[in-house]
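Comments concern the structure below.
Indexing begins at 1, ligand by ligand and atom by atom, following the structure's order. Not measured: the values here are computed from a predicted model. Only heavy atoms go into these numbers, but all of them, side chains included; no hydrogens, no water, no symmetry mates. All residue numbers in this chain count up from 1 along the given sequence.
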Amino acid sequence: MHIVYKSEPERGRMWQRWLAEHAPDIQLHLWPEKGEAEQVEMLIAWQPPENIMATFPRLKVLFSVGAGADQFDFSALPADLSVVRMIEPGLTQGMVEYITFSVIGLHRDMPRYFQQQREQQWLAHPVKPAAQRRVGVMGLGELGLASLKQLVAMGFDCAGWSRTPRDIENVRCWHGDDQLVEFLAHSEILVCLLPLTAATKGLLNGELFRQLPYGAALVQAGRGPQLNQNDLLAALASGQLSAAVIDVTDPEPLPAGHPFWNHPAIWLTPHVASQTQNGSAIAALLDNLRRYQRGEPMLGIIDRSRGY
Ligand code: NDP
Ligand code: OXD
């Protein structure tokens, strides 16, 4: 089977060596090398080349090297081309770490204490037990579920929100637009792990913030365009929100002088909540390739009608 890889070259070389050892029947060509382009069935990329089908006339599958596929322009891809996103344990574990760290930091008032430290102020505030802290996770997919499992294990009072109904042990689940209000009322720390779709673009806005308990905090690790930045700043200024951990922005990077850079109640990270881990990802990818060869459904196929 012939595959072309078009992303970080170093990872490509590592994956090429790994496949040569573990799956010598698979030929991985590193872009711009294409092998015999008319033999190529799969492309692994963050951004595919223009005129993808003219370049690879027999292409069947486009793999995203990341967990999201919103970076692809679906209108430029033929309807029968399968688009598959990355699901791999290293990426999931990275997100669990980031969400856990963020929730604990917010739960334990760390943005406030860092500000007090800058002001040389020694002032203790009451510590709430985790069981009395209500954490709500938007998005109950691969990453939301794994993060909730850890938060439940730590004793937080957890809730989740998804598009379709879910049943998760020790997590109060709500779904759909009609149940969003109830879910938000439960979320003192709101975590966003939603994919970017027409329905989630701009969802984190002033109207939504007003439905959270007063003084709630936000962890945004989904995609930048989901957040209305001005509404976040207004909610922080009014006290409706007390703090925010922001990993994804629009644009990325933020321009110099953007108010998020120096905001005392915002922790900003440069889209590093989680990253595809080369070693575990190639094993997961090979597993998916074997499924394809056996004629079984691959894991992580994007349903274009849903947008994720
Ligand atoms: P999944 O596709 O596995 O899960 C998506 C979840 O979101 C599902 O539970 C789905 O509901 C829910 N959802 C989608 N649309 C809506 C909606 N309109 N209303 C309510 N719920 C909705 O995705 P992953 O968990 O793998 O990843 C989630 C996102 O995390 C990625 O798309 C990406 O944007 C982001 N990400 C960020 C990274 C970072 O470093 N910051 C790294 C990796 C990913 P249902 O269960 O009903 O289908
Ligand atoms: C991803 C990401 O989707 O890095 O993997 O955000």
Query - Side-chain donor-acceptor contact under 3.5 Å, Y292 with E41 - result: yes
Query raised in the report: Using a distance-only test with no angle check, is there a side-chain donor-acceptor pair under 3.5 angstrom linking Q47 and Q71?
Result: no
Query raised in the report: Between W18 and H22, what is the ring plane arrangement, given parallel below 30°, perpendicular above 60°, and tilted in between?
Result: parallel
Report task. Indicate whether the side chain of R118 and that of Y113 have a donor and an acceptor atom separated by less than 3.5 Å. Result -> no
Report task. Under 4.0 Å from a heavy atom of V248: give me the atoms of ligand 1 that qualify, with their elements. Result -> 41 (N)
Query raised in the report: Below 4.0 angstrom, N of the basic side chain to O of the carboxylate: do K60 and D80 qualify?
Result: no
Report task. Look at atom 20 (C) of ligand 1 and find which of Y308, W161, F183, W174 reaches it with the closest heavy atom. Result -> W161
**Report entry** Atom indices of ligand 1 within 4.0 angstrom of H271 heavy atoms, with elements
**Finding:** 39 (C), 40 (O), 41 (N)
Report summary line: Contacts of H107 meeting ring pair (Phe, Tyr, Trp, His ring centres under 6.0 Å) (sequence neighbours excluded), chain-then-number -> F156
Query raised in the report: Does ligand 1 have a heavy atom under 4.0 Å from the side chain of M95, from its backbone, from both, or from neither?
Result: side chain
Query - Q115-R112 side chain donor-acceptor pair, cut-off 3.5 Å - result: no
Query - Linked hydrophobic residues, V181 as query - side chain contacts closer than 4.5 Å - result: none
Query raised in the report: Less than 3.5 Å between some nitrogen or oxygen of L140 and one of ligand 1, yes or no?
Result: yes
Filter the ligand 2-protein atom pairs down to N or O on both sides and distance under 3.5 Å, then list them.
residue, atom, partner, partner atom, Å
ligand 2, 3 (O), A67, N, 3.0
ligand 2, 3 (O), G68, N, 2.9
ligand 2, 3 (O), R223, NH2, 2.7
ligand 2, 4 (O), H271, NE2, 3.4
ligand 2, 5 (O), A67, N, 2.8
ligand 2, 6 (O), R223, NH1, 2.9
ligand 2, 6 (O), R223, NH2, 3.3
ligand 2, 6 (O), H271, NE2, 2.6

Requested in this report: Kindly identify the option in L180, L194, D70 whose heavy atom sits closest to atom 29 (C) of ligand 1.
Outcome: L194
Requested in this report: Starting from atom 43 (C) of ligand 1, locate the nearest protein heavy atom and write down its residue, its atom name and how far away it is, to 0.1 Å.
Outcome: A67 CB, 3.5 Å
Query raised in the report: Got the closest protein heavy atom to atom 34 (O) of ligand 1, with its distance?
Result: R223 CG, 3.3 Å
**Report entry** atom 5 (C) of ligand 1 [closest protein heavy-atom partner, distance rounded to 0.1 Å]
**Finding:** P195 CD, 3.6 Å
Query raised in the report: Under a 4.0 Å N-O cut-off, is there an ion pair linking D70 with R223?
Result: yes
Requested in this report: From the options D247, L193, D177, D303, select the one whose nearest heavy atom is closest to atom 39 (C) of ligand 1.
Outcome: D247
Query - Contact atoms of ligand 1, heavy-atom distance to R166 under 4.0 Å - result: 45 (P), 46 (O)
Query raised in the report: Is there a heavy atom in T197 that sits closer than 4.0 Å to ligand 1?
Result: no
Query raised in the report: About how many Å separate CG of L19 and OH of Y5, when rounded to the nearest 0.5 Å?
Result: 11.5 Å
Report task. Look at atom 18 (N) of ligand 1 and say which protein heavy atom is nearest, naming residue and atom and giving the distance to 0.1 Å. Result -> A199 CB, 3.6 Å
Query raised in the report: Residues in ring pair (Phe, Tyr, Trp, His ring centres under 6.0 Å) with H175, at least two apart?
Result: none
Query raised in the report: Would one find an N or O of A221, backbone or side chain, under 3.5 Å from an N or O of ligand 1?
Result: yes
Query raised in the report: What protein heavy atom sits nearest atom 4 (O) of ligand 1, and how far away is it?
Result: G141 CA, 3.1 Å
Query raised in the report: Hey, are the side chains of L218 and L227 touching, using non-hydrogen atoms and a 4.5 Å cut-off?
Result: yes
Query - Residues E188 and K128 bridged, charged N to O under 4.0 Å - result: yes
Query raised in the report: Do the side-chain N and O atoms of Q293 and R290 include a donor-acceptor pair separated by under 3.5 angstrom?
Result: yes
**Report entry** Numbered atoms of ligand 1 (with element) below 4.0 Å of A273, judged on heavy atoms
**Finding:** 39 (C), 40 (O), 41 (N)
Query raised in the report: Has R85 got any heavy atom lying under 4.0 angstrom from an atom of ligand 1?
Result: yes
Query - Sub-4.0 Å atoms of ligand 1 with respect to non-hydrogen atoms of R163 - result: 11 (O), 16 (C), 20 (C), 21 (N), 22 (C), 45 (P), 47 (O)
Report task. Verify, without hydrogens or angle tests, whether R134 (side chain) and S187 (backbone) share a donor-acceptor contact under 3.5 angstrom. Result -> no
Query raised in the report: Any idea which of L143, T92, I302, T164 brings a heavy atom closest to atom 27 (O) of ligand 1?
Result: L143
